[in-house]
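Just below is one structure, and these are the notes that go with it.
Here the structure is a predicted model, which means the values were calculated and not measured. Below, chain A is the first sequence line, B the second, and so on; all start at residue 1.
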Amino acid sequence: MPELPEVETVCRGLAPKLEGRRIAKAHVKTAKLRFALPRDFSEKMTGARIMRLTRRAKYLLADMRDRQDNGFYWLSHLGMTGRFTWHETKGATGFDPTRYAHDISNEAAVRHIHLALELDDGSHLTYADPRRFGFMDIIDAALDTNRFLAQIGPEPLGNRFNEAHLLAACENRQTPIKNLLLDQHIVAGLGNIYVCEALFRAGISPRRKAANLGAKRAARLVPAIRAVLDEAIAAGGSTLRDFAASDGALGYFQHGFAVYDRAGKPCSRDGCNANVARIVQSGRSSFYCPTCQR
DNA sequence: ACCACTACCTGAAGGC
DNA sequence: TGCCTTCAGGTAGTGG
């Protein structure tokens, strides 16, 4: 899934299709993804207008307006395998998964479509998610009181994420820096791939205790994180197989990764003869160069 | 508070 | 070919 750059790519791809559109009808096929959808999800969404689509961390956030012109937010998280696909399907009404089949690739088989929104221009938006780790919510109150958004940390590409913030978060923490960076309360939007890539770029071992990061390494890590994310956004996401751009087209991040999923392969740094290692930290794979990363 | 581990799901890939 | 195991981008909840 979609880590921050992939969600940003989805957001940019969908925004021009969705913004300004009214939802003619919301069809819910699977009411429970990772969590149960709000009971009034279809009711709230049907007839509402999508004003603006944005991203916060790995969440998509739609600024909505209902028929009485009251505002609310539609929040969604793609989990590991969630995918939105926009279909330029004119003139059809009702939920008929077979109609979407021609623009959904094999990986997101039609049987895994859990939600379809018919828009007022005749187009449709579907949400497919084989593993059902994704989730959605309707937010009527202030965003910062929402259970998913209340506790999350700053955006890694924003000003509030900086060396001072990172060092403060590392203070007295015994967990490896790898685990700390995956903690969405510290900084929100990084996932397993880009943490590995950022640590490689900064020359920091994923095994290093957060408390021992130090100012010099923090000063390398913050820009490394930003650079890795910026480049991935520029490349339009990553090439992971369960993920596609919002228009259904595959393909992203064609230059690939320096360490992620490269166990046993040579380190890509000039002059380094070591091979990329794979270790398991808190149940998740970490890839790194034992020579370049300390 | 912190930290590691488990649960939640399906599908792809590799070994035999 | 088929069966079995392992692994996968996520987060929330648990128990030590």
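Judged by closest nucleotide on DNA chain B, A:E171 is the one of A:G283 and A:E171 placed further toward the 5' end.
Heavy atoms of other residues, nucleotides or ligands lying less than 6.0 angstrom from NZ of A:K25 number 12 at most. The environment of CG in A:N159 is sparse: at most 12 heavy-atom neighbours from other residues, nucleotides or ligands sit within 6.0 Å. Counting non-hydrogen atoms of other residues, nucleotides and ligands closer than 6.0 Å to CD of A:Q151 gives a total of 12 or fewer.
The distance between atom CG of A:L182 and atom C1' of C:dG10, rounded to the nearest whole Å, is 10 Å. To the nearest angstrom, C1' of C:dT11 lies 9 Å from NZ of A:K58. One atom, CG of A:D129, and another, P of B:dC9, lie 12 Å apart when rounded to the nearest Å. Atom-to-atom, CG of A:D261 to P of C:dG9 comes out at 8 Å; the value is rounded to the nearest Å. When rounded to the nearest whole Å, the span between CD1 of A:I186 and C1' of C:dT11 equals 15 Å. Across the protein-nucleic acid pair, A:Q184 atom CD and C:dG13 atom P stand 15 Å apart, rounded to whole Å. Between the CZ atom of A:R284 and the C1' atom of B:dC5 there is a distance of 13 Å, rounded to whole Å. A:D183 places its CG atom 11 Å from the C1' atom of C:dT11, with the value rounded to the nearest Å.
Listed nucleotides: C:dA8, B:dA4, B:dG11. Nearest to the side chain of A:T175: B:dA4. For A:R132, the side-chain atoms get nearest to B:dC9 when compared with the rest of B:dA4, B:dC9, C:dA12.
Taking atom P in both C:dC4 and B:dC9, the straight-line distance is 22 Å, to the nearest Å. To the nearest whole angstrom, the two P atoms, one in C:dT6 and one in B:dT6, are 14 Å apart.
In this structure, A:F287 has its ring center at least 6.0 angstrom away from the ring center of A:F257.
Residues A:W74 and A:L117 form a side-chain contact, since some pair of their non-hydrogen atoms from C-beta on lies under 4.5 Å apart.
Stacking of the aromatic ring of A:F133 onto the base of C:dT11 is not found under the criterion of centres within 5.5 Å and planes under 30°.
At B:dA4, none of the side-chain N or O atoms of A:R173 fall inside 4.0 Å of OP1 or OP2 (strictly under the cut-off). Proximity of A:Y260 to the phosphate of C:dG9: a side-chain N or O atom is located under 4.0 Å from OP1 or OP2. For the OP1/OP2 pair of C:dA8 and a distance below 4.0 Å, the side-chain nitrogens and oxygens of A:S285 include at least one atom meeting the criterion. The side chain of A:K32 contributes no N or O atom lying less than 4.0 Å from OP1 or OP2 of B:dC8. For the OP1/OP2 pair of B:dG11 and a distance below 4.0 Å, the side-chain nitrogens and oxygens of A:H112 include at least one atom meeting the criterion. Of the side-chain N and O atoms in A:T81, none sit less than 4.0 angstrom from OP1 or OP2 of B:dT10.
A:N179 comes within contact range of the sugar-phosphate backbone alone, with a heavy-atom separation under 4.0 Å but no base atom that close. Across all strands, A:R34 comes closer than 4.0 Å to base atoms (heavy-atom distances).
Figure legend: cation-pi geometry between A:R269 and A:F200, with NZ or CZ positioned under 6.0 Å from the six-membered ring centre and within 45° of its axis. Annotation: cation-pi pair A:R56/A:Y73 absent, no NZ/CZ under 6.0 Å from the ring centroid and within 45° of its normal.
When base pairs are accepted only as Watson-Crick or G-U wobble with both N-N or N-O distances under 3.5 Å, DNA chain B takes part in stems of 3 or more pairs at B:2-8 with C:10-16, B:10-16 with C:2-8.
Between A:E8 and A:R12 there is a salt bridge, since a side-chain N of the basic residue sits under 4.0 Å from a carboxylate O of the acidic one.
Below the 3.5 angstrom threshold, one finds a donor paired with an acceptor across the side chain of A:R131 and the base of C:dA8.
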